[in-house]
Amino acid sequence: MLKIHNNLTRQLESFQPIDKKNVRMYVCGMTVYDFCHIGHARVLVVFDVVYRYLCAIYGKEHVSYVRNVTDIDDKIIARANQNGEKIEQLTNRFIKAMHEDADAMGVLRPNEEPRATMHMQQILDMIRTLVEKGYAYAAKNGDVYYDVSKFVGYGRLSGKQLDDLRAGSRVEVDEAKEDPLDFVLWKAAKPGEPSWESPWGAGRPGWHIECSAMSTHCLGTHFDIHGGGLDLQFPHHENEIAQSCAATGDDFVNVWMHNGFVRVDNEKMSKSLGNFFTIREVLKKYAPEVIRYFILSSHYRSPLNYSDQHLDNAKSALTTLYTALRGIIPSKAAADSATRTAFMAAMDDDFNTPLAIAQLFEIAREVNRCRTTDTIKAAALASELLELGGMLGLLQQDAESFLQAGVVDDNGAGLSNQAIDTLIQQRLQARANKDWAGSDRIRDQLKAAGVVIEDGPQGTTWRRQ
RNA sequence: GGCUCGGUAGCAAAGUGGCUAUGCACCUGAUUGCAAAUCAGAGUACGUCGGUUCGACUCCGGCCCGAGCCUCCA
């Protein structure tokens, strides 16, 4: 039985889908004006695992996963102006880059990726409803605001009281707002800005309304899971609840999930602090699966400290797992082992991926124990390792390829696979002649080039460090 | 100021009122021409001060330290 920590109640709850034949999840995706950083990678990977696990439980055809793209907002406009390019040009470029990064890390594509600019009708409809129901008002400056005081329960998700928010408010006082906590649904266009026609004049949507409009449009008024980074809990998700519940009169979302931050030197990784690393930057040094493993090696709600040392650790751990798989042809067998049960129990417990990964190592050790003594068992275990790893999006490449893949450095340095094979042949010849000095010289040479040689009963294998 | 969440061995990271987490690193043994890999084994923990309990890393309270939200942010 899957249990999920629901941020709305701050409790672990048994997950009961509204409709088992159509489990629905919406995740707030990226605002596309720059490359994704490791913080974005975490959202991508964490909810990819949630999606995979839901698919494993309910069947792939019974899960609807929607992750939006924000393709119109102040930062996008500013960046496009700065670059002297069209907005669509900028956003399309970064959507493409985001897909490349996500694909590299083995993140499955969601069923839908709605874009704000393609859902203006739904956005305008929802704003109109909110105005008609008295939850929103048009201000003198042409903006339309949501009247926070009208919504009973505002602050529930973030555990905040309206008065407390006002007291500690860092919100700039905006003359047009009736209350500083009111937030914008529709922004009147300034001259030269991109805009859409509306009953309140030309303008563009506020950030929060798009997610309410698109999630309702794609998944209905009331769905199962809504996810995103912890920084979206307030005000973004709080505002979504206010908008959606007020507009539809329905419940909106049952379970709210937020992943913790990625930190650098114990500080939140963020654009404003400038301490972020983009995914593609990190990919120059580490394989994409290493990033994925690193992210899943801690629980999704905990903070995750980014450092080279942690990535190195992830790489070593993954190497151990792939080494167990190397040279074994997996074959499906009746698999209902204790480790498998433990793996599922770990995942059922609010997606405890570190504990689930620990089970992977249990299987790997068992594979190594019996790989020469009981090949049938080893093949069955390998198959199980692949299957469970697959639920985390791990271990899906060919072991040999993973172990021998080199991250090409900028100088194109390093030995080619062919050069390595040649040296290994020379070394084998030396060994046949019991020329240990010559053999070791070649091994040192390879080692210096980052290639590790392993002499086994089945012959010599190699891998890149 | 208000509101959250944490402090576990060298580094990461789970977890439980009494029973080996796990990974990386390190040490010992087996294996190997020597290595590497692998297997077997050892060691190093639960911020601090009290309380509850037969027994607490695990529950309760104080204190110290850290992170986050209250403005855009995944």
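Letters A, B, ... are given to chains in the order of the sequence lines, protein chains preceding strands, and every chain is numbered from 1. Computed over heavy atoms, backbone and side chain alike; hydrogens, waters and symmetry mates excluded.
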Considering residues at least two apart in sequence or located in another chain, which fulfil the side chain to side chain contact (heavy atoms under 4.5 Å, CB included) criterion with A/E454? A/R326, A/V452, A/T461, A/R463
Which residues in residues 103-119 of chain A have a heavy atom closer than 4.0 Å to any atom of RNA chain B? none
What residues form a ring-ring contact (aromatic ring centres under 6.0 Å, His included) with A/H208, not counting sequence neighbours? A/F183, A/H236
Contacts of A/Y293 meeting ring-ring contact (aromatic ring centres under 6.0 Å, His included) (sequence neighbours excluded), chain-then-number -> none
For residues 445-457 of chain A, which residues have at least one heavy atom under 4.0 Å from RNA chain B? A/V452, A/I453, A/E454, A/D455
Can you pull every protein N or O that's under 3.5 Å from an N or O on nucleotides 10-12 of chain B?
residue: B/C11; atom: O2'; partner: A/Q309; partner atom: OE1; Å: 2.4

The complete set of salt bridge (Lys or Arg N to Asp or Glu O under 4.0 Å) pairs with one or both residues in residues 35-53 of chain A, sequence neighbours excluded, reads A/D48-A/R52, A/D48-A/R292
Within residues 304-327 of chain A or reaching into it, pairs that qualify as ring-ring contact (aromatic ring centres under 6.0 Å, His included) - sequence neighbours excluded: A/F277-A/Y306, A/Y322-A/F402
Residues two or more places apart in sequence or in another chain: which of them pass ring-ring contact (aromatic ring centres under 6.0 Å, His included) with A/F294? none
Scan residues 419-431 of chain A against RNA chain B and write down, sorted by residue number, each residue with any heavy atom closer than 4.0 Å; if none is found, say none. A/R427, A/R431
Base-paired stems that RNA chain B participates in, counting runs of 3 or more Watson-Crick or G-U pairs under 3.5 Å: B:1-7 with B:64-70, B:10-12 with B:22-24, B:27-30 with B:38-41, B:47-51 with B:59-63
Polar atom pairs between nucleotides 15-21 of chain B and protein, under 3.5 Å, N or O only, would you list them?
residue: B/G15; atom: OP1; partner: A/N352; partner atom: ND2; Å: 3.2

